[in-house]
Amino acid sequence: MPVGLILLALVLPLINGALGADLMFPVIVVAIYVMLALGLNIVVGFAGLLDLGFVAFYALGAYVVGWFASTHFNEVSFAFLSALPAQGVSGRELPGIHISFWLLLLVAGAFTALWGIIIGAPTLRLRGDYLAIVTLGFGEIIPRFFVNGDNIFGYNLTNGTIGIKGIDPPGLPFLPNSLNTWRQFGTLDLDPWYYTILILVLVTIFVNIRLRDSRLGRAWVAVREDEAAAAAMGVNTTTTKLWAYALGAVFGGLAGAFYGAFIKSIFPTSFSFNISVLVLCMVILGGMGNIYGVILGAILLQGINFYLLPEVNGWVHAIGDALESPLLSNADIPKYNYFLFGILLVMMMLLRPEGVIPNRQRREELHEGEEDESVVEPTHV
Amino acid sequence: MATTQELKSRGAVLLDDVRSSSWQSRIAVVITVALLVLLLIQAIKDPGQFFSQLLVGITNGAIIALIALGYTLVYGIIELINFAHGDNFMIGSFVGLTVLSGTFLGLSFFAPITAESGAVLKIFGVILALVIAMVVCGLINVGIERVAYKPLRNSPRLAVLITAIGMSFILQNLGLIWKGASQIPFPDLISDDNVLAGITYTVFYRWKDLFVILVTMPLLVGLSYFIQRTKQGKAMRAVAQDKEAAAMMGINVNRTISITFLLGGILAGASGVMFGLFNGTTVFNLGFRQGLFAFTAAVLGGIGNLTGAVLGGLVIGVIGSMNDQYIGVRWTDIVIFTVLILVLVFRPRGLLGDRSAVQGGGQQ
Amino acid sequence: MSEARKEEVPNIIFEARSITKVFGGLVAVNAVDFYIPQGGIVSLIGPNGAGKTTFFNMVSGLLRPTAGSFFFLGQDVTRLVPHRRAQMGIGRTFQNIRLFGTMSALDNVLTGMHVRLRGGIVGSILGTPGVRREEKEARERAADLLKFVGLRSRETFAKNLPYGDQRRLEIARALASEPKLLLLDEPTAGMNPQETARLTQLIGRLKEEYGISVLLIEHEMRVVMSISDWVTVLDHGEKISEGAPAQVRVDPKVIEAYLGTAMTG
């Protein structure tokens, strides 16, 4: 079954071409979110640490590409394996730092892993809900820092709300001229972008599966279930949790780096708390800890964003026109997508906390104490 | 033991305290003292500006404190960070705005109350707005608890927190559907004139500030009376201490929890209307930022501790206004979120100590 | 008495020197000296609230003593965190069973092996032959351990196992970390007589087959008297008696502490 899905994914651009559909852009965005959701799944699903600031890593990954593959630092001129021609049109050297996207992926991964540890370290001793709020705090501080970063003691580090624009496209410059769109990824042909994110997603899935079944994966579950018992069994709870933060952050960072290159302009406002909650929603909808469930969650929610809500918008407008109600015919339904996601979160927690495709373990945990009709919480010793 | 302790001079006790304190608290004290010294320098340089700003901070702090009380009441009783509370506050400001407009669901009840209205009408409008917002927010809070939190009372704590986040988004989007995405102006009902005119011209204290304090004080006194003196208030304290024991003593735990949410909602409603009247504007996503500020205040004071919430609110309000003045408005959010993180990480019991610490369940 | 015993048994695996634990104003454990000989089964008994479990939690590192120090294999371990002690070879079970409820029995045992496995993150992701071999061997060993404690179901979630099986699984999980010293906190609590007898036999085999030293907290005096080499009695946080089982059971101080009730068995 996964083989069939992978084959389908490989020929998707052909199908898209044959149908003459505009699938590629939404599919790429969905794939970015699949990566984000799988990254968050390591932290929330595997290790049981509720991270409400995951967007921070997405932002940091995007800014790594923004800084090192654009004209932003125009006081220097440095290029390394970039897909762009070494000289600009005028024959002068391009201002700014231009490093190969492929290298920047590694840099973004390492950079966000480091930030995962920086953000994770203070939370190690905290209870679950306090931990969530601390991660939320970091998740809010980092984008705000990008907003204010245009004037750090007079230095323009982030270009503030204007954001970083004109990010270099990735490319494989050593290819023959006939493969033009692959030598430097263009805006018209999205296939190279698609295959890049497809590979990234497949690697993410593979790593997730391997980690889940590894010694570290068992330690994550052990810490999630009973920290003291895990410690008494020899699990170093500190490093176990830090690894979850770091590895989760890596995928958030990689997704951000790809997003930055793909979308070409990044703004601090693109990295709001909403994104953290959207990704959390995907993890919960699909089933915390279940890799395929989480992927399905990401596809479903972005499907709602891209297809269902515009569709519903059309219906509402039609009804509004029929009833001659300006309120309905002018309604902007897609604007209220987070209304739906909020309802989804509440409904999932009330009715099916284990998600659409539950992780066997998580279902047992979440339904614990349900038979218990007493008003008292189960006391945890 | 006790007598020797009493005999010890104050200085020696202090020295002992310092010796037994952790390096974190020493650093915290040093930083706080340094910041206070810097503020003092500013205060001496331009006392008028400093005291005006301090008073603004206290007013903002009062608004934050009322929201913080809602967080602290709910956390004290069911150990839930009611994430939707800030958004309930936003709904409160929207309700107030609607009451003042005199029109609801296309029905016009009375002419809008604006800056041009007469004094009696203004007072009537403000009181009506406050009362209706308090009732509506109280009921919303009770409803949320019944629908979304009560069924999960035996679930893992994080499941309820996630539900609360969901509720927060629902309320926020209800606000968005109701009033749209842009900032909405509040009618300017209370004078911007200086209360202290005639006494001093350098320190500015507007009637608006005084209004906030005049509304906040009776609410706090009332809350304190309710919790200390009434039967229901005593039931709340009992349930907060030990639900099982309280239930065995014949206390209706479910009703007590509902009343706790009702109180939190009432205070948030009042706070929402005051925020609107004081700042002259409101917006659908106001609750997220204000809610986080208030939660910071609740944790800073010691979550579950009512006095702590008020103290924390005032401190956060003053930190905010001082930061606005001397560092820059754009850094205020970052500064306060940093306070939130530092308190949670280094002193989760807060300044006055939290309820769970009293119970001995602070760590695990 | 204790000095004399030290001379008899030169190989001490674990030693506690005047361990004290104070909670608030309450002295839970008061200046207890204590040691365990290599390969010995030592029981810690005493009435409820005597401080046994507190002492236990200090030995495994979940609690820090207020004063005093612990030596394990001649090394001061007083300040070591729990997982470091597990690494050195102190394994334990819990009085109120603390298995990883939603992990299979086998995975519980594999988690116990955590400190003995080397598989790193990169190796696990790449699936290097070394890591694969190690995992395969670990699974076999875990299956053997389950067999050793007499557990059939490997894939069942720990929390769905019958009570006695959960107790045995906890022992298997503790054994998986290859302890040199195993701490058993009331392992027969809630067991019926047959189960208790089987478990007693199992504890005896630990010593014989694995050469593991055992520190046992137990209420069931029949178990204590039948398998212990040495018994230490705590009451109100103080050591009131110690000696060979036969000696302790006739000690008037012990009988007084128990009011004669439990000692008749």
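First the proteins, then the strands, lettered A, B, ... as listed; each starts at 1. Everything numeric here is computed off the predicted structure, so don't read it as measured data.
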- More than 12 heavy atoms of other residues, nucleotides or ligands under 6.0 Å from CZ of C:Arg154: is that the case? no
- Where on A:Asp213 is there a heavy atom nearer than 4.5 Å to chain C: the side chain, the backbone, both, or neither? backbone
- Item | C:Arg79, CZ atom: more than 12 neighbouring heavy atoms under 6.0 Å | no
- Message: Quick check: do C:Arg173 and A:Met233 have side-chain heavy atoms less than 4.5 Å from each other?
- Response: yes
- Message: So which residue, A:Asn236, A:Thr237, A:Leu247, A:Val207, ends up with the most heavy-atom pairs under 4.5 Å with chain C?
- Response: A:Asn236
- How far does OG1 of A:Thr238 sit from NE2 of C:His83, to the nearest 0.5 angstrom? 6.5 Å
- Query: With the threshold set at 4.0 Å, does a side-chain nitrogen-carboxylate oxygen contact exist between C:Glu135 and A:Arg218?
  - Reply: yes
- Query: Are the side chain of A:Glu225 and the backbone of C:Thr102 linked by a donor-acceptor contact shorter than 3.5 Å?
  - Reply: yes
- Message: Just so I understand: if I count every heavy-atom pair under 4.5 Å between each of A:Ala229, A:Gly217, A:Ala219 and chain C, which residue has the most?
- Response: A:Ala229
- Item | Other residues, nucleotides, ligands: >12 heavy atoms within 6.0 Å of A:Tyr292 OH | no
- Task: Starting at OG1 of A:Thr239, measure out to CD1 of C:Ile121 and round the result to the nearest 0.5 Å.
- Result: 8.5 Å
- Query: Who among C:Met88, C:Arg85, C:His114 has the most heavy-atom pairs with chain A under 4.5 Å?
  - Reply: C:His114
- Nearest heavy-atom contact between A:Ala232 and C:Pro82 is N-CB, 4.3 Å
- Show your reasoning for whether side chain to side chain contact (heavy atoms under 4.5 Å, CB included) applies to C:Phe100 and A:Asp226. CA-CA 7 Å; C:Phe100 307 120; A:Asp226 187 334; 4.2 Å; yes
- Query: At what distance, to the nearest 0.5 angstrom, does CZ of A:Phe206 lie from CG of C:Leu126?
  - Reply: 7.5 Å
- From CG (C:Leu110) to CZ (A:Arg215), nearest 0.5 Å: 11.5 Å
- In terms of heavy-atom proximity below 4.5 Å to chain A, should C:Thr111 be classed as side chain, backbone, both, or neither? both
- Item | CD1-CD1 distance between C:Ile125 and A:Ile209, expressed to the nearest 0.5 angstrom | 12.0 Å
